[in-house]
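Because the structure is a prediction, the values reported are computed rather than measured. Side-chain atoms are counted along with the backbone in the values below, which use heavy atoms only and exclude waters and symmetry mates.
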Amino acid sequence: MEAEKYKSVEIVQKCPQSSVFHLYLNSPSRLNALSRDFFTEFPRALASLDQNPNVNVIVLAGAGNHFCSGLDLNTLSSITQETKSSDRGRSGERLRREIKSLQAAVTALEWCRKPVIAAICGACIGGGVDIATACDVRYCTKDAFFSVKEVDLGITADLGTLQRLPGIVGYGNAVELALTGRRFSGAEAKQMGLVSRLFASKEDLEEGVKLVAEGIAAKSPLAVTGTKAVLLRSRDLTPDQGLDYVATWNSSMLLSDDLNEGISAFTQKRKAKFAKL
């Protein structure tokens, strides 16, 4: 079956034998601004990768020299026009449904069982920050720059940054960045914990992310997807509730062929070989 073709994103398997797949925001001439096509195609692309048993890890990057310059202003204008109504209540209800649809496209990163690593270079602005904060791991180059830009456009950010950023960089840092809309560097992003590691160049970033992604991809897919699911669920739970959740999770997932293979490989001092998920 031929792979689906997209206008705004592209799926690339760089090495035929690798279970690491790359998903590119693919509008480099517009600095990967988020179009209407993106919001329908991005969750479809993620779902296809999630359901593909050959995929263990997804690397998300921007085609060209930038990660994402935010929401395309033409997209914003079309949403405004399409939700207009002479009835204020109906107009508001339509706009709310549209916003929820856009939110779902970004949250698809969390719904995807496979871990998603963001490889950020150049601009990561507005909607780009929404996307980055929904990824599981983030790395960037030293020349990357970020901005929670919505406030400068008269918008309250509504695609996830205000909900996810405080848990990543701390509430105080998130408030300051969201209210000022100021530009901050890759080095500051690393200092605040928005990214886990800083690389000197795009080439170094790609090589570093490849090593991390291949390392994760070689691990038990049951353990990796379970770790992501439990971490995300525990974010909204008390420690006791989180412990209860993972106990329930492992009561159904722990006793597996992956566990047997992991223990055998460890005792025999060999590389483990896990079945596809």
Side-chain angles (χ1 to χ4, degrees), residues 25 31-36 38-39 42-43 46 60 62 66-73 75-80 83 91-112 115-118 120 122-140 144-196 228-229 231-238 241-242:
L25 309 181
L31 309 185
N32 299 316
L34 306 178
S35 64
R36 291 305 292 265
F38 168 84
F39 287 101
F42 188 61
L46 282 169
L60 178 64
H66 297 277
F67 182 72
C68 177
S69 59
L71 187 66
D72 189 320
L73 294 183
T75 302
L76 183 61
S77 177
S78 69
I79 291 171
T80 304
T83 56
S91 177
E93 196 277 337
R94 287 177 190 168
L95 182 56
R96 183 178 187 276
R97 275 189 286 128
E98 185 66 33
I99 293 170
K100 294 287 287 182
S101 175
L102 303 184
Q103 290 174 344
V106 176
T107 302
L109 287 159
E110 293 184 345
W111 293 336
C112 178
V116 182
I117 301 174
I120 302 166
C124 182
I125 297 171
V129 179
D130 291 312
I131 291 169
T133 54
C135 291
D136 303 298
V137 184
R138 291 161 295 277
Y139 300 108
C140 77
F145 58 94
F146 302 78
S147 172
V148 184
K149 192 68 175 172
E150 287 86 347
V151 70
D152 288 337
L153 302 177
I155 303 170
T156 300
D158 58 3
L159 299 186
T161 291
L162 300 186
Q163 290 68 41
R164 297 183 177 101
L165 190 62
I168 298 169
V169 303
Y171 180 80
N173 285 327
V175 170
E176 191 262 345
L177 295 173
L179 291 180
T180 63
R182 70 175 177 84
R183 173 169 160 167
F184 59 102
S185 67
E188 188 174 358
K190 170 65 172 67
Q191 180 187 13
M192 288 189 291
L194 178 57
V195 299
S196 298
K228 172 172 178 171
L231 280 168
L232 286 171
R233 187 71 180 92
S234 297
R235 181 179 60 185
D236 302 319
L237 302 175
T238 66
Q241 290 169 332

**Student:** Please walk me through it: do Lys100 and Arg97 pass side-chain contact (heavy atoms from CB on, under 4.5 Å)?
**Tutor:** CA-CA 5 Å; Lys100 294 287 287 182; Arg97 275 189 286 128; 5.7 Å; no

**Student:** Checking Ser69 side chain against Leu31 main chain: does a donor-acceptor pair fall under 3.5 Å?
**Tutor:** yes

**Student:** At what distance, to the nearest 0.5 angstrom, does CG of Leu237 lie from CG of Leu232?
**Tutor:** 11.0 Å

**Student:** So, Ser185 side chain and Glu188 main chain: donor-acceptor pair closer than 3.5 Å or not?
**Tutor:** yes

**Student:** Can you tell me if Asn32 uses its side chain to pair, donor with acceptor, with the backbone of His66 under 3.5 Å?
**Tutor:** yes

**Student:** Hey, could you give me each pair passing salt bridge (Lys or Arg N to Asp or Glu O under 4.0 Å) that has a residue in residues 165-175? Not counting sequence neighbours.
**Tutor:** none

**Student:** Could you go through residues 145-156 and list every donor-acceptor pair under 3.5 Å that involves a side-chain atom there, pairing it with any protein atom two or more places apart or in another chain?
**Tutor:**
| residue | atom | partner | partner atom | Å |
| --- | --- | --- | --- | --- |
| Ser147 | OG | Gly181 | O | 2.8 |
| Lys149 | NZ | Asp152 | OD2 | 3.2 |

**Student:** Among all residues two or more places apart in sequence or in another chain, which pass the salt bridge (charged side-chain N to carboxylate O under 4.0 Å, His left out) test with Arg235?
**Tutor:** Glu110

**Student:** Tell me, which pairs form a side chain to side chain donor-acceptor pair (under 3.5 Å) where one or both residues lie in residues 170-179, sequence neighbours left out?
**Tutor:** Glu176-Arg182

**Student:** Sequence neighbours left out, what pairs pass salt bridge (Lys or Arg N to Asp or Glu O under 4.0 Å) with at least one residue falling in residues 124-134?
**Tutor:** none

**Student:** Can you sort out the partners of Phe38 under ring-ring contact (aromatic ring centres under 6.0 Å, His included), two or more places apart, ordered by chain and number?
**Tutor:** Phe42

**Student:** Give a yes or no on whether Lys228 atom NZ has more than 12 heavy-atom contacts from other residues, nucleotides or ligands under 6.0 Å away.
**Tutor:** yes

**Student:** Has the side chain of Thr75 got a donor or acceptor atom that lies under 3.5 Å from a matching backbone atom of Leu34?
**Tutor:** yes

**Student:** Using a 4.5 Å cut-off on heavy atoms from C-beta on, say whether the side chain of Arg138 contacts that of Leu60.
**Tutor:** no

**Student:** Does any part of the side chain of Leu194, heavy atoms only, come nearer than 4.5 Å to the side chain of Leu165, both counted from C-beta?
**Tutor:** yes

